[in-house]
Amino acid sequence: MTSIRRISFAAIAATLALGVVSAAQAGEKSKYSPQPHGIPLVTSNSVTANNIAAGTGNTATQGVFADQSGAQGWYGKKGPSAGGITSNSTNATNLAAGYKNHASQDVMTRQSGSPGALTLNRVDALNMAVGEHNFASQRVMADQR
């Protein structure tokens, strides 16, 4: 993740926190106010894996294991609060190109979100054998909740 995205997510979280504090200070009830023992959080997890065998007679093997989950919320006097929005993303590319190349990739990912909050899970897997006598094999296992 680039530093620009990190700054953007931090800015969103800070803006949400300031808006909640401002509404509470004004004595207004906001429908966006969090429970008194926690504030909403944004969790963004991303994994990118590229496995390429190119040229003549090359072999590339790659194993990717990712466990992505959202924030569990904060605990207070009345129990745990819901976590915030979670975005999980896994991108896997496996490519054998040229002549007599072999590319093999295993991708295993478990993606889950915060309890009681919006969760967006995504797995993209591209497997290609281009050229003569190439072999590309890819196994993808995903558990999304």
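Below, all heavy atoms of this structure are taken into account, side chains as well, without hydrogens, waters or symmetry copies. Positions are given from 1 along the sequence.
Legend: residues meeting side chain to side chain donor-acceptor pair (under 3.5 Å) with S87, ordered by chain and number and at least two apart, are absent. N58 pairs by the side chain to side chain donor-acceptor pair (under 3.5 Å) definition with nothing, not counting sequence neighbours. Under the side chain to side chain donor-acceptor pair (under 3.5 Å) criterion, Q68 pairs with T90, Q111, sequence neighbours left out. In terms of the side chain to side chain donor-acceptor pair (under 3.5 Å) criterion, residue partners of S137 (sequence neighbours excluded) are, by chain and number, S104.
Between Q144 and V123, some side-chain heavy-atom pair lies under the 4.5 Å cut-off. Under the 4.5 Å side-chain criterion, counting only non-hydrogen atoms from C-beta, R145 is in contact with R110. Contact check for D106 versus M108: no side-chain heavy atoms found under the 4.5 Å cut-off.
Each ring-ring contact (aromatic ring centres under 6.0 Å, His included) pair with one or both residues in residues 120-145, not counting sequence neighbours, appears once here: Y99-H133, H102-F135.
Across all non-hydrogen atoms, the minimal contact from V140 to A125 is CG2-CB, 3.7 Å.
Note that CG of D143 is 9.0 Å distant from OG1 of T109, once rounded to the nearest 0.5 Å.
V130 belongs to a hydrophobic cluster whose other members, connected by ILVMFWY side-chain contacts under 4.5 Å either directly or through intermediates, are I52, L95, L126, M128.
Without hydrogens or angle criteria, N101 side chain to G55 main chain gives a donor-acceptor distance under 3.5 Å.
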